[in-house]
Amino acid sequence: MAHSLSAKKRIRQNETRRLRNRAKKSAVRTQLKSFDLLLRSGDVEAIEKEYRITQKKLDKLAAEGTIHKNTVSRKKAQLARKRNEVLAKSK
């Protein structure tokens with residue numbers, strides 16, 4: 001258990017940041033699921049719109065340092081691959 005005031009404050013700050021990061025990660029996971037559902041529907045315009053939104057959210061998390069930049073890069077590549085498969089089938 002922390003004894004000094006600064007250590008106690010650090011514990012409070014860490015908890016606040018942990019909760020904030022969990023909420024942001026959860027929001028991105030929800031966004032990824034909604035994108036996946038749209039891929040199954042086949043609506044090209046909606047897929048493109050959702051793709052941009054999902055990429056933006058992932059990039060923001062990488063910029064904040066919540067998720068590692070290589071993880072975000074990998075996720076974006078996977079999304080692009082899935083999107084391109086659906087677009088190729090729709091043509």
Side-chain angles (χ1 to χ4, degrees):
M1 185 64 197
H3 294 291
S4 67
L5 290 176
S6 61
K8 290 176 182 177
K9 180 178 179 181
R10 176 59 56 198
I11 290 171
R12 291 194 307 270
Q13 288 175 329
N14 288 341
E15 181 64 16
T16 303
R17 290 183 178 124
R18 184 183 72 84
L19 293 174
R20 188 181 308 133
N21 288 339
R22 276 184 69 178
K24 289 178 182 179
K25 286 180 186 180
S26 176
V28 167
R29 281 193 296 267
T30 303
Q31 182 68 35
L32 290 169
K33 287 177 187 174
S34 66
F35 179 74
D36 197 38
L37 286 174
L38 267 179
L39 285 175
R40 295 179 189 156
S41 73
D43 184 10
V44 176
E45 290 180 20
I47 289 172
E48 286 296 328
K49 183 179 178 186
E50 199 74 14
Y51 176 70
R52 285 192 298 274
I53 292 170
T54 306
Q55 273 194 326
K56 185 176 180 179
K57 286 189 176 185
L58 284 169
D59 285 334
K60 190 165 185 175
L61 280 186
E64 294 169 353
T66 304
I67 298 177
H68 196 275
K69 63 179 184 172
N70 291 348
T71 304
V72 170
S73 180
R74 185 177 66 246
K75 292 281 185 198
K76 285 170 55 176
Q78 290 169 350
L79 294 176
R81 196 177 315 120
K82 289 178 184 177
R83 185 197 73 183
N84 291 339
E85 285 176 5
V86 171
L87 294 180
K89 289 179 184 177
S90 68
K91 289 184 180 180

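Values in this document were obtained by computation on a predicted structure and should not be read as measured data.
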Exercise for the section: Mind checking the CD-OG spacing from Q13 to S6? Nearest 0.5 Å is all I need. Expected result: 10.0 Å
Practice task
Tell me who clusters with F35, hydrophobic residues only, linked when side chains sit under 4.5 Å apart either directly or through other members.
Solution key: V28, L32, L38, L39, I47, Y51, L58, L61, I67, V72, L79, V86
Exercise for the section: Flag the pair K24 / K60 as yes when at least one side-chain heavy-atom distance between them is below 4.5 Å, and no otherwise. Expected result: no
Practice task
Could you grab the distance from atom CZ of R20 to atom CD of E64, nearest 0.5 Å is fine?
Solution key: 9.0 Å
Exercise for the section: State whether the number of non-hydrogen atoms from other residues, nucleotides or ligands found under 6.0 Å of L19 atom CG is greater than 12. Expected result: yes
Exercise for the section: Kindly write out the residues that satisfy side chain to side chain donor-acceptor pair (under 3.5 Å) with T71, not counting sequence neighbours, or none if the list is empty. Expected result: none
Completion exercise
Sorted by chain and number, sequence neighbours left out, salt bridge (Lys or Arg N to Asp or Glu O under 4.0 Å) with R12 holds for none
Practice task
Answer yes or no: is there a side-chain heavy-atom contact under 4.5 Å between Q78 and R74?
Solution key: yes
Handout entry: Between NZ on residue K57 and NZ on residue K75, distance to nearest 0.5 Å
Key = 15.5 Å
Handout entry: Other ILVMFWY residues reachable from V44 by side-chain steps of under 4.5 Å
Key = L87
Handout entry: Connected-component partners of L37 among ILVMFWY, side-chain separation under 4.5 Å
Key = none
Problem - Residue pair S73 / K76, side-chain heavy-atom distance below 4.5 Å - result: no
Problem - Pairs where residues 40-50 contributes a residue and the test salt bridge (charged side-chain N to carboxylate O under 4.0 Å, His left out) is met, not counting sequence neighbours - result: D36-R40, E48-R83
Completion exercise
Separation between CG (N14) and CZ (R18), nearest 0.5 Å, reads 10.0 Å
Practice task
Find the distance between NZ (K8) and CE (M1) and round it off to the nearest 0.5 Å.
Solution key: 6.0 Å
Completion exercise
Taken to the nearest 0.5 Å, the spacing of E15 CD from R10 CZ works out to 13.5 Å
